[in-house]
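Just so we're on the same page: letters track the sequence lines, and every chain starts at 1. The figures that follow rest on heavy atoms only: side chains count, while hydrogens, waters and symmetry mates do not.
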There are 2 protein chains.
Amino acid sequence: MDAQDKQVFQVFTEVGIINQLTTAIFAARLPDGLHPSHFSLLNNLVRLGDGKTPLALASAFQVPKTTMTHTLSVLEKRGLIRLAPHETDGRSKLVYLTDSGREVHQNAIHAMEQPIRKMTHDLGAQEIIGLLPMLTTLRAYLDDNRDI
Amino acid sequence: MDAQDKQVFQVFTEVGIINQLTTAIFAARLPDGLHPSHFSLLNNLVRLGDGKTPLALASAFQVPKTTMTHTLSVLEKRGLIRLAPHETDGRSKLVYLTDSGREVHQNAIHAMEQPIRKMTHDLGAQEIIGLLPMLTTLRAYLDDNRDI
DNA sequence: TGCATATTGTTCGATATCGAACTATATAGT
DNA sequence: ACTATATAGTTCGATATCGAACAATATGCA
């Protein structure tokens with residue numbers, strides 16, 4: 001591994017640390033018992049629309065379907081989502097947000113405003129947002145090359 | 001949450017996805033049973049030196065000390081690290097790499113060369129490395145503001 | 001149609017992560 | 001020195017994540 005490889009590796013190390021720190025910051029703002037993975041799922045359903053199958057969600061989040069089964073069962077028990085039978089495929093189900101799920105999501109989003117505002121105040125919004133194009137490119141590339 | 005807040009939030013969403021995808025890519029290259037968290041610890045000891053206390057390592061990785069107890073016990077059982085009593089503090093221990101631990105780490109680093117080279121070939125090394133300054137700034141800021 | 005194969009989701013067992021409570025040792029204040 | 005408090009690490013119970021095996025349904029092809 002040469003010096004350049006190590007710098008690239010360092011990028012992923014920093015990404016990992018940032019993910020851990022921001023996840024911890026946001027997790028502290030979530031309602032009691034709501035894990036970041038639960039919020040992520042609610043967030044996906046709100047932003048990209050519900051009515052997806054569990055397998056489609058597992059694929060979107062790059063987790064095994066067994067993990068999605070578990071996550072969905074937690075959210076269903078909490079009444080934040082509803083699992084309906086698939087209209088045309090007897091093997092499958094469809095995931096829908098409940099009113100309660102939308103409300104919990106909205107409150108969580110609102111609670112995250114404060115740390116985000118402090119970060120942007122201290123570091124500059126444009127500095128942070130400036131990362132977005134390359135991060136998006138990198139994410140899309142990795143998503144298309146999972147078997148790299 | 002206004003449009004700017006959402007873009008900042010999107011940065012952290014992308015960071016999370018990139019972390020998940022790269023972790024999966026690297027995990028696939030690790031020896032059987034070696035979890036990414038195990039490799040991360042070996043990597044830290046190699047890069048920054050061993051002889052640290054478990055608590056110092058837990059703090060460095062931002063994990064509860066109970067998690068570090070578990071991780072260290074796994075690595076010790078595999079013979080990759082050695083836990084020695086602290087010379088001056090009877091409560092504490094010191095973590096040292098074994099020769100086997102250094103060897104496993106070296107092999108893992110080497111195995112990650114291939115996916116890193118492919119990424120840099122496809123996306124351009126400078127494009128990826130260009131993220132490093134701001135990511136480092138952001139990581140240092142978050143590290144200093146864990147109670148944000 | 002009938003059967004082989006593929007797909008969707010669940011169950012089960014194993015490991016990682018975490019918080020609360022605990023033990024042992026060190027330190028500080030009197 | 002004595003005692004109260006702080007610190008380092010472990011144990012324990014709970015949850016998240018994951019892979020292997022399984023059940024139910026769908027699809028493709030003879």
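What separates CD of E87(A) from P of dT25(D) is a distance of 17 Å, to the nearest Å. Rounded to a whole Å, the CG atom of L30(A) is 17 Å from the P atom of dT15(D). In this structure, D32(B) atom CG and dA14(C) atom C1' are separated by 13 Å, rounded to whole Å. Going from atom CG of L72(B) over to atom P of dT17(C) covers 12 Å, rounded to whole Å. In this structure, K93(B) places its NZ atom 13 Å from C1' of dT23(C), rounding to the nearest Å. Distance L55(B) CG to dA8(D) P: 5 Å, rounded to the nearest Å. Put simply, NE2 on H35(A) is 8 Å from C1' on dT17(C), counting in whole angstrom units. Separating the CD atom of Q20(B) from the P atom of dT17(D) is a distance of 9 Å, rounded to the nearest angstrom.
Side chain of Q62(A) to backbone of S59(A): a donor-acceptor contact under 3.5 angstrom is found. Distance alone, capped at 3.5 Å, is enough to place a donor-acceptor pair between the D50(A) side chain and the L97(A) backbone. Of the possible polar contacts, none joining the Q7(A) side chain to the I129(B) backbone as a donor-acceptor pair under 3.5 Å is found.
Nucleic acid contact for S92(B): sugar-phosphate only, since backbone atoms but no base atoms lie under 4.0 Å from a heavy atom of the residue. Heavy atoms of S37(B) sit under 4.0 angstrom from primed sugar atoms or phosphate atoms, though from no base atom. Residue contacts shown for H70(A) include a base, since a base heavy atom lies under 4.0 Å away.
For V74(B), whose side chain is taken as the heavy atoms from C-beta onward, the closest listed nucleotide among dC18(D), dT17(C), dA16(C) is dA16(C).
Nearer the 5' end of DNA chain C, as judged by each residue's closest nucleotide, is the contact made by R91(A), out of M68(A) and R91(A). Toward the 5′ end of DNA chain D lies the nearest nucleotide of G33(A), the other residue of the pair G33(A) and D89(A) mapping further downstream. Two residues, G90(B) and A56(A), neighbour DNA chain C, and the one matched to the more 5' nucleotide by heavy-atom proximity is A56(A).
Test L131(B), L135(B), L132(B) against Q10(A) for side-chain contact (heavy atoms from CB on, under 4.5 Å) and you get one pass: L132(B).
In this model, the phosphate group of dC18(D) is not approached by any side-chain N or O of T66(A) to a distance below 4.0 Å at OP1 or OP2. The phosphate of dA16(C) has OP1 or OP2 within less than 4.0 Å of a side-chain N or O from H38(B). At dT10(C), one or more side-chain N or O atoms of T69(A) fall inside 4.0 Å of OP1 or OP2 (strictly under the cut-off). Contact annotation: K65(A) side-chain N/O to dG19(D) OP1/OP2 distance is not under 4.0 Å.
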Dump the intermediate steps for salt bridge (Lys or Arg N to Asp or Glu O under 4.0 Å) on K6(B) and D2(B), then the final yes or no. CA-CA 6 Å; K6(B) 283 180 184 167; D2(B) 63 20; over 6 Å; no
